[in-house]
Amino acid sequence: MRDDVHEIAADYEDMLATRGAVLAGVGWSSAFDLALRYGTLLSRVDFRRFSRERPLRLLDLGCGPGFLLDYLASNDLLDRVDYTGVDVSEVGLAHARRRWPQQRFERRDVRDQPFDADEFDFCMICGVFSSRCGISFEAMRDLAQATLRALWPSLAMGLAFNVYSKHVDYEREDLFHWALDEVMAFCKRYLSRHVSFHLDYGLWDLSVLVSREPVRPNGRIPEAWALSKVSAAPTIADEV
C-alpha cells in the first residue's frame, strides 16, 4: 500500500474499530447530509435509461462498508445497477461483504491496478478526497489527480467526486480544499471539458461532475430560428 493511502486508510480503520460499521465509523456525522451528497453526485445519471436487463455499470471508489448500496436500495435503484465496490482498506471491505454478501467488492488502488477501458459506465467517489488525514495538501492533490487520471479510461459515461471548496468561512487544515479554477484546469486537460460544479445543496463541500458528452438543453428549438435566413446588415447606401 502506498504511503499516502496508508495514512488515510489507517485513520478510517481506527474509526471503524472504535465505532463500528455505522456512518460515524467512516467520519459521516449526518445521514441527511450523506444522502444529499449521494444524490448530488448521482444527479447526472438518468436511471430511467437503465434496467435489470441493461444495468448501469457503477463503480463505487472508496466504498467503505457499502453505504451507497443502502442509498440505492432505499431509492429503488439497486435493480438498475451492476455494482462494484473498491477500497484500499480490507477492514472496510470486510464490513461491506458482511452487510452486502451478494455484491462485488475488491481491494485495489487504481493507480497501480487500473481497470480495463470502458469497463464501467460511471464512477462515484464520495469522501475519498475530503480529509487529508495528516498528509500534505500537495500529496493529497497528487493522490486525487493520479486516481482520477487512472480511472478515466475505464468509464464510458463519466464520474463524480467531492472535495472541499475554498469558498468557505474558513479552511480547516485537516481537509482538502481544492480551488475551483485548479479543478477545472485539471479536468479539462486530463479528463473532459464537460464539467459541472455543485455548491448549491447546503453543505460546504464541492461536488464535481465530469461527463464525456455535453449536457443537451431540454427545450425545443423554435422553428422560426431554423427557417430564418441571416441577411447582411443594411448599409448607408441601402438607406438612401
Side-chain angles (χ1 to χ4, degrees), residues 2 4-5 8 36-47 49-50 55-64 68 72 81-88 106 108-133 135-167 175-201 203-217:
R2 296 195 191 192
D4 50 8
V5 295
I8 295 171
L36 273 178
R37 290 183 170 101
Y38 283 160
T40 301
L41 292 170
L42 290 172
S43 61
R44 184 60 58 83
V45 178
D46 184 358
F47 282 95
R49 293 176 47 199
F50 301 97
L56 173 76
R57 298 172 300 164
L58 178 63
L59 176 62
D60 180 12
L61 189 77
C63 63
L68 177 58
L72 294 170
V81 170
D82 178 12
Y83 174 91
T84 300
V86 169
D87 208 296
V88 296
E106 63 175 280
R108 180 190 293 243
D109 186 331
V110 296
R111 296 174 297 175
D112 301 322
Q113 295 176 278
F115 289 101
D116 292 337
D118 293 336
E119 189 166 344
F120 302 99
D121 294 313
F122 191 81
C123 177
M124 200 184 76
I125 312 166
C126 185
V128 174
F129 309 138
S130 298
S131 177
R132 293 201 276 115
C133 299
I135 68 174
S136 69
F137 174 88
E138 291 76 17
M140 191 69 192
R141 183 177 57 195
D142 290 347
L143 184 157
Q145 292 181 348
T147 300
L148 293 167
R149 290 181 66 181
L151 280 169
W152 189 248
S154 65
L155 306 172
M157 290 170 48
L159 59 80
F161 65 94
N162 50 19
V163 295
Y164 277 94
S165 167
K166 294 183 77 68
H167 295 275
L175 301 180
F176 180 49
H177 295 267
W178 199 3
L180 272 64
D181 283 352
E182 289 187 15
V183 176
M184 185 65 220
F186 166 78
C187 290
K188 183 176 183 296
R189 182 174 182 183
Y190 294 108
L191 308 181
S192 169
R193 67 185 181 92
H194 308 308
V195 180
S196 62
F197 293 153
H198 288 258
L199 302 101
D200 56 353
Y201 50 102
L203 306 180
W204 290 109
D205 45 283
L206 161 70
S207 287
V208 184
L209 282 60
V210 189
S211 299
R212 290 196 177 274
E213 300 295 332
V215 175
R216 297 303 182 189

Worksheet item: How close do Ser192 and Ser211 get, heavy atom to heavy atom, and via which atoms?
Response: OG-O, 2.7 Å
Worksheet, complete the sentence: Exactly one of Arg132, Arg141, Arg111 clears salt bridge (Lys or Arg N to Asp or Glu O under 4.0 Å) with Asp4, and that residue is Arg111
Worksheet entry | Interatomic distance, Thr40 atom OG1 to Asp200 atom CG [nearest 0.5 angstrom] | 7.0 Å
Worksheet entry | Pair Asp112-Arg2, salt bridge (Lys or Arg N to Asp or Glu O under 4.0 Å): steps then yes or no | CA-CA 9 Å; Asp112 301 322; Arg2 296 195 191 192; 2.6 Å; yes
Fill in: Which residues share a side-chain contact (heavy atoms from CB on, under 4.5 Å) with Ala185, sequence neighbours left out
none
Item to complete: State, yes or no, whether a side-chain contact exists between Met140 and Ile8 at a heavy-atom distance under 4.5 Å.
Response: yes
Fill in: Which atom of Pro114 lies closest to which atom of Ala150, heavy atoms considered
CB-O, 4.1 Å
Practice prompt. Flag the pair Leu199 / Leu180 as yes when at least one side-chain heavy-atom distance between them is below 4.5 Å, and no otherwise.
Written response: yes
Discussion item. Among residues at least two apart in sequence or on other chains, which ones pass side-chain hydrogen bond (donor to acceptor under 3.5 Å, both in side chains) with Gln113?
Written reply: none
Practice prompt. Check whether any side-chain N or O of Arg212 sits under 3.5 Å from a backbone N or O of Leu155 as a donor-acceptor pair, and report yes or no.
Written response: yes
Practice prompt. Specify whether Phe47 and Phe50 have parallel, tilted or perpendicular ring planes, treating 30° as the upper limit for parallel and 60° as the lower limit for perpendicular.
Written response: perpendicular
Worksheet item: Taking 4.0 angstrom as the limit, do Asp118 and Arg57 come out as a salt bridge?
Response: no
Discussion item. Can you confirm whether Leu191 sits close enough to Leu148 that some side-chain heavy atom of one is under 4.5 Å from a side-chain heavy atom of the other?
Written reply: yes
Discussion item. Let's go through Leu143 and Phe129 carefully: what are the C-alpha distance in whole Å and the side-chain angles of both, what is the deciding distance for side chain to side chain contact (heavy atoms under 4.5 Å, CB included) to 0.1 Å, and is it a yes or a no?
Written reply: CA-CA 8 Å; Leu143 184 157; Phe129 309 138; 3.7 Å; yes
Worksheet entry | Side-chain heavy-atom pair Cys126, Tyr38 within 4.5 angstrom cut-off | yes
Worksheet item: Looking at Leu41 and Ala160, what are the two nearest heavy atoms and their distance?
Response: O-CB, 3.3 Å
Worksheet item: Are any of the side-chain heavy atoms of Val195 and Met184 separated by less than 4.5 Å?
Response: yes
Discussion item. Quick check on Asp181: does its CG atom have over 12 non-hydrogen neighbours (other residues, nucleotides or ligands) under 6.0 Å away?
Written reply: no
Fill in: Phe161/Thr147 under side chain to side chain contact (heavy atoms under 4.5 Å, CB included): CA gap, chis, key distance, verdict
CA-CA 11 Å; Phe161 65 94; Thr147 300; over 6 Å; no
Response to the item:
Nearest heavy-atom contact between Leu175 and Ser131 is CD2-CA, 4.1 Å
Practice prompt. Please tell me if the side chains of Val86 and Leu59 come closer than 4.5 Å, counting only heavy atoms from C-beta onward.
Written response: yes
Fill in: Close side-chain approach of Leu56 and Val45, heavy atoms under 4.5 Å
yes
Response to the item:
Smallest heavy-atom separation, Leu36 atom then Tyr201 atom, equals CD1-O, 3.4 Å
Worksheet entry | Flag if over 12 foreign heavy atoms under 6.0 Å of NZ, Lys188 | no
Practice prompt. Could you go through the side chain to side chain contact (heavy atoms under 4.5 Å, CB included) check for Ile125 and Asp60 one step at a time?
Written response: CA-CA 6 Å; Ile125 312 166; Asp60 180 12; over 6 Å; no
Item to complete: Using a 4.5 Å cut-off on heavy atoms from C-beta on, say whether the side chain of Asp205 contacts that of Arg37.
Response: yes
Fill in: Under 3.5 Å: donor-acceptor pair, side chain of Gln145, backbone of Asp142
no
Worksheet item: Taking Asn162 for the side chain and Gly127 for the main chain, is one N or O donor matched with an acceptor at less than 3.5 Å?
Response: yes
Worksheet, complete the sentence: In short, Ser154 meets Phe115 closest at the heavy-atom pair CB-CB, 3.7 Å
Worksheet item: Which is it for Ser130 and Tyr164 under the side chain to side chain contact (heavy atoms under 4.5 Å, CB included) test, yes or no, and what are the steps along the way?
Response: CA-CA 6 Å; Ser130 298; Tyr164 277 94; 3.7 Å; yes
